[in-house]
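If you're wondering where the values come from, they're calculated on a predicted model, not measured in any experiment. We count residues from 1, following the sequence as given.
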Amino acid sequence: MFSLSSLAARTARTQSARHLLRPLSTVTDTAVPKNLQPGATWLSSPTIDTPVGVLDLNKAPSNVRSQVWQLYATTLPRLNPKSIKPPKKSTLNWLLQNAETKEELDLAQQLTHQWRMSLRPITQATTDLWVAACVRLKYPTPFLAMLDDRWKYRPMPINQNMARFIKLYAYLGLQKPENPDTLLEDVFRVFALYPYYDLKYDAAAYGALVQACCAIGTEESWRRALVVAEEALAFTSPKITREALKDLETRSRRLGESEMAQRYQELADTMQKDDEREAKFDEKGNFIH
């Protein structure tokens, strides 16, 4: 039988070895800032030897802009501790902020791994940029893989961006996906990872999960939405958002469950509007509580 507690426990064990998305700023200019460029020496040869193999600077992969490709390729060998021109700390952040395609975000994932292996800092702010990039491109795959492998990527999520990441699945669920069952399992994997990253289940977490279940729209996802909602409402101070309750109300009415819809409407009316404040970070990339 499905239960949140059993799902979280199983996941923790395996790990020990339209209104749904907040508006984001537009993608910045494609030109790589001068302070991030490797210099003429690194671009003098058409090929470059890197930890992932020999790369041709003039042959960017499909859907990857040439400047992004060259920055990625020339950054890899400069991660070597003996490099006379190591990359700037902001290089990875710039790639995340400026990725325009899924393929460019895949490159950022590969660079994140090499960044981590060279013991370069990966901060809470960088993790927040990862979530923002995935949400902007409607592409959860790389960050889900990173969450699943803490040792390889060292993500540092906080409650705010984990809930935002779960809401991405709500958006995808509304797009009539070909694989709703996979989408549903993935969103519960993310939810179950909260304890693994020492995060508390709060109203935003439960609310985002309920919204994702409602949006995916299958019989199983609706059943889980009700289970999650009842668990959230059972706390002395209910751990659910007004937005989630309104989604439950809407879904109930569509299914002809008028009494259920009325209950969720009344509960939503007693709650204040959800407060989604922007996360702030200090100069070192640490979350400011």
Any donor-acceptor pair under 3.5 Å linking the side-chain atoms of T123 with those of T126? yes

Any luck finding a side-chain donor-acceptor pair between Q114 and Q110 under 3.5 Å? no

Can you pull out every ring pair (Phe, Tyr, Trp, His ring centres under 6.0 Å) where at least one residue sits in residues 229-266? Sequence neighbours excluded, please. Y206-F235

Kindly compute the distance separating OH (Y139) from CG (L105), expressed to the nearest 0.5 Å. 7.0 Å

Ignoring hydrogens, what is the shortest heavy-atom contact between Y169 and I216? Give both atom names and the distance. O-CG1, 4.5 Å

For E230, I'd like to know if atom CD has over 12 heavy atoms of other residues, nucleotides or ligands within 6.0 Å. yes

Between R154 and M156, is any pair of side-chain heavy atoms under 4.5 Å apart? yes

Using a cut-off of 6.0 Å, state whether more than 12 heavy atoms not belonging to K88 lie near its atom NZ. no

Could you pull out all residues at least two apart from Q37 that satisfy side chain to side chain donor-acceptor pair (under 3.5 Å)? none

Dump the intermediate steps for ring pair (Phe, Tyr, Trp, His ring centres under 6.0 Å) on Y197 and Y194, then the final yes or no. CA-CA 5 Å; Y197 286 98; Y194 270 67; 9.2 Å; no

Distance from E185 atom CD to D181 atom CG, nearest 0.5 Å? 7.5 Å

Any side-chain heavy-atom pair from Q211 and E243 closer than 4.5 angstrom? yes

pair T47-L55: side-chain heavy atoms closer than 4.5 Å: no

Do V52 and Y72 come close enough that some side-chain heavy atom pair is under 4.5 Å? yes

Test log, rule side-chain hydrogen bond (donor to acceptor under 3.5 Å, both in side chains), inputs Y153 and Q109: CA-CA 8 Å; Y153 298 103; Q109 181 185 354; 3.1 Å; yes

Look at R253 together with E249 and state whether they make a salt bridge at an N to O cut-off of under 4.0 Å. yes

Going by heavy atoms in the side chains, are P87 and R120 under 4.5 Å from each other? yes

Is there a side-chain contact between L172 and P177 in this structure, where contact means two heavy atoms from C-beta onward sitting under 4.5 Å apart? no

Would you call R263-E257 a salt bridge at under 4.0 Å N-O? no

Decide whether a cation-pi geometry holds between K138 and Y171; the criteria are a distance under 6.0 Å from NZ or CZ to the six-membered ring centre and an angle within 45° of the ring axis. yes

